[in-house]
Amino acid sequence: MEPSIPIKWVQGLKVAYSLLGATQRDQYSWVAKTNDSFVFSAEIDHINPDDNVYDHKAGAFSKRVPPMSKSLGHDPLSISHSKELFEAASTSYKEKLRCRVLLVKGTKFGRTSAPIKAAADGHFWQVTVLKGSVENGYSFYIERVA
């Protein structure tokens, strides 16, 4: 699906989320929420491009998250953020909720050395595939729908 709304880059995640009326649970959350939907972040310059695949022209984004647990050496905050993201993807998938996708570059795990920039894809998206669990690793696929 070809995008029909141009994107506009802004500096900073907080600014980008506020333009969508979304808030994060905390500054480092991997997902944000509006009154009626979730906003998923697509790190388009992630150091591991196989785990974060975004295709603007096709209107598709897939994300793979490795297993997260204390026994694997992950800190509680990272596990909490992974659980929050999984629950958002699960709720969106089960309830067929429309969501938004925020394109992000320049984060801690990005290859861009500039400050964080973000842009919202102006269309709505939907989680169409969700597999796995926080403890065993999971992946989800989001498609542009309108």
Side-chain angles (χ1 to χ4, degrees), residues 1-68 73-134 137-146:
M1 168 190 243
E2 284 279 342
S4 61
I5 302 170
I7 61 171
K8 179 182 175 189
W9 291 93
V10 296
Q11 190 164 332
L13 279 175
K14 191 172 185 176
V15 172
Y17 283 132
S18 70
L19 292 173
L20 294 173
T23 55
Q24 292 174 284
R25 178 176 56 103
D26 70 47
Q27 179 182 359
Y28 301 107
S29 288
W30 301 350
V31 65
K33 185 151 179 34
T34 68
N35 288 336
D36 56 358
S37 68
F38 292 99
V39 180
F40 294 95
S41 298
E43 294 178 83
I44 62 172
D45 69 339
H46 198 276
I47 57 174
N48 189 345
D50 294 335
D51 287 349
N52 296 272
V53 180
Y54 175 74
D55 185 333
H56 189 68
K57 188 173 182 177
F61 171 61
S62 64
K63 183 167 187 72
R64 186 172 51 206
V65 180
M68 298 288 258
H74 296 102
D75 65 85
L77 187 58
S78 292
I79 296 167
S80 173
H81 289 151
S82 182
K83 284 180 181 178
E84 179 185 28
L85 178 62
F86 182 81
E87 288 170 10
S90 181
T91 298
S92 294
Y93 177 70
K94 288 176 187 173
E95 297 180 16
K96 297 187 181 345
L97 297 177
R98 289 183 171 196
C99 55
R100 303 299 293 266
V101 171
L102 187 69
L103 311 177
V104 181
K105 56 185 175 181
T107 63
K108 177 181 177 182
F109 293 103
R111 294 178 303 229
T112 305
S113 60
I116 294 174
K117 293 208 182 247
D121 181 294
H123 297 277
F124 284 100
W125 296 64
Q126 193 166 17
V127 177
T128 57
V129 177
L130 174 65
K131 297 177 183 176
S133 67
V134 173
Y138 60 94
S139 62
F140 59 94
Y141 186 80
I142 304 174
E143 295 179 77
R144 189 183 294 127
V145 293

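Keep in mind that what you see is a predicted model, and the values were worked out from it rather than measured.
- Y54 and A42 make their closest contact through CD1-CB, 4.3 Å (heavy atoms, listed as atom of the first residue, atom of the second, distance).
- Counting heavy atoms of neighbouring residues, nucleotides and ligands inside a 6.0 Å radius, atom NZ of K33 exceeds 12 of them.
- For the pair S37/R98, no side-chain contact is recorded, criterion being any heavy-atom separation below 4.5 Å from C-beta on.
- Ring orientation note: the planes of Y138 and F140 are close to parallel, at an angle under 30° on the 30°/60° scale.
- Judged purely by atom type and a 3.5 angstrom limit, T91 uses its side chain to pair as donor or acceptor with the backbone of E87.
- I142 is not listed as a side-chain neighbour of F38, based on a closest heavy-atom distance of 4.5 Å or more.
- Partners of V10 according to the side-chain contact (heavy atoms from CB on, under 4.5 Å) rule, which considers only residues two or more places apart in sequence or in another chain, are V15, A16, L19.
- The side-chain heavy atoms of K63 and L85, taken from C-beta on, include a pair separated by under 4.5 Å.
- Sorted by first and then second residue, the pairs that involve residues 13-25 and meet salt bridge (Lys or Arg N to Asp or Glu O under 4.0 Å), not counting sequence neighbours, are R25-E84.
- Residues forming a side-chain contact (heavy atoms from CB on, under 4.5 Å) with A120 (at least two apart in sequence, or on another chain): L20, L102.
- For R111 against P49, the heavy-atom pair with the smallest separation is NH1-CG, 3.9 Å.
- Side chain of S29 to backbone of V31: no donor-acceptor contact under 3.5 angstrom is found.
- Side-chain contact of Y28 with S80: a donor-acceptor pair under 3.5 Å is absent, judged by distance alone.
- In terms of modelled atom types and a separation under 3.5 Å, the side chain of N52 and the main chain of H46 share no donor-acceptor contact.
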* Audit row: D26, H81, side chain to side chain contact (heavy atoms under 4.5 Å, CB included) steps and yes/no -> CA-CA 9 Å; D26 70 47; H81 289 151; 3.0 Å; yes
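- Considering only heavy atoms from C-beta on, W30 comes within 4.5 Å of V65 through its side chain.
- Between the side chain of D45 and the backbone N or O of G106, at least one donor-acceptor pair lies under 3.5 Å.
- Between I7 and H56, some side-chain heavy-atom pair lies under the 4.5 Å cut-off.
- A cation-pi arrangement, defined by a distance under 6.0 Å to the six-membered ring centre and an angle within 45 degrees of its axis, is absent between R100 and F40.
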